[in-house]
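In what follows, a single structure is set out as C-alpha cells and then discussed.
Not measured: the values here are computed from a predicted model.
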Amino acid sequence: MRPPEAPVQTDQPPAVFSCPDGKLEVLKNRIDYLACARARKAPAPAFQLQARRRDGEEGGTGIRVGFTASKKVGNAVARNRAKRRMRALARAVLLSEGKPGWDYVLVARPSETTTRDYAAMEAELRETLKKIHAPRKTS
C-alpha cells in the first residue's frame, strides 16, 4: 500500500513481468499452460521448454510466455528465485529469437534453475529454441 504523501507515478508499469516494447505477454489461463504441455518440448539441464504455435486464435501475433516452478524446486523463496531467473532469460532471449504467434512455457528444474550459471542458461535457451522451431520429419 502506498502512503498518501508518496508521489503518484503514472508512467511506471506495475511491478509485474513487463517488456520494454510490450512484445512479450504472460500466459494467464490454465488452458494455455495445458496446451503447451501437450505440444513440443525441449529439455535443458536448468529448465524444460514447452512451446506451441497458436493457429487462428485471437491475439496470435505476439509472443506469449509462462513460467512454472513446482514445490519440487524448493520453498517459496527458491521457487520465486527460479521464476525471476526464467523471466530474465525470456526478456533476454525470447525477444530476439522467439517467433510471433507462439506460446512458450519455461518449467524450472529442482536445484538447477537457481544455481546454474546464467550465461549457460541463455545458451541452453537458444539451443532449445532451435530444436523447437526445427522442421518436423513426417513419416
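Looking at every heavy atom in both residues, Tyr33 comes nearest to Gly66 through OH-CA, 3.4 Å. Between Pro43 and Lys131, the shortest heavy-atom distance links the atoms O-NZ, 4.5 Å. Between Arg54 and Gly62, the shortest heavy-atom contact is NH2-O, 2.7 Å. Taking every heavy atom of both residues into account, Ala44 and Arg109 meet most closely at O-NE, 2.8 Å. Glu122 and Ala92 make their closest contact through OE2-CB, 3.6 Å (heavy atoms, listed as atom of the first residue, atom of the second, distance). Minimum heavy-atom separation, Lys83 to Ala69: CG-CB, 4.1 Å.
Side-chain contact between Glu25 and Ile63 is absent, with no heavy-atom pair separated by less than 4.5 Å. At least one side-chain heavy atom of Leu94 sits less than 4.5 Å from a side-chain heavy atom of Val65. Inter-residue side-chain proximity for Leu27 and Phe67 is flagged as unmet; no heavy-atom pair is nearer than 4.5 Å.
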Between Leu106 and Leu49, does the side chain to side chain contact (heavy atoms under 4.5 Å, CB included) criterion hold? Intermediate values first, please.
CA-CA 5 Å; Leu106 289 163; Leu49 179 66; 3.8 Å; yes
After noting the C-alpha distance and the side-chain angles of Arg126 and Ser96, does the key distance pass the side chain to side chain contact (heavy atoms under 4.5 Å, CB included) rule?
CA-CA 10 Å; Arg126 291 179 204 287; Ser96 60; 4.2 Å; yes
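Tested against Tyr104, the residues Arg40, Gln50, Lys99 include a single side-chain contact (heavy atoms from CB on, under 4.5 Å) partner, Lys99.
No donor-acceptor distance shorter than 3.5 angstrom exists from the side chain of Arg64 to the backbone of Val26, with no hydrogens or angles considered. Of the possible donor and acceptor atoms, none in the side chain of Arg81 sits under 3.5 Å from a partner among the backbone N and O of Ala76. The closest donor-acceptor contact from the side chain of Thr113 to the backbone of Ala46 lies under 3.5 Å.
Looking at Asp32 and Arg52, a side-chain N of the basic residue comes within less than 4.0 Å of a carboxylate O on the acidic one, giving a salt bridge. For the pair Glu124 and Arg116, the salt-bridge criterion is met [side-chain N within less than 4.0 Å of a carboxylate O].
Using a 4.5 Å cut-off between side-chain heavy atoms of Ile, Leu, Val, Met, Phe, Trp and Tyr, with links allowed through other members, Leu24 and Leu89 fall into the same hydrophobic cluster. Cluster membership check: Ile132 shares its hydrophobic cluster with Phe47, using side-chain heavy-atom separations under 4.5 Å among Ile, Leu, Val, Met, Phe, Trp and Tyr. Under the 4.5 Å side-chain heavy-atom criterion for ILVMFWY residues, a single connected hydrophobic cluster contains both Tyr118 and Leu129. Under the 4.5 Å side-chain heavy-atom criterion for Ile, Leu, Val, Met, Phe, Trp and Tyr, Val73 and Leu125 are members of distinct hydrophobic clusters.
The CZ atom of Arg84 sits 12.5 Å away from atom CZ of Arg79, with the distance rounded to the nearest 0.5 Å.
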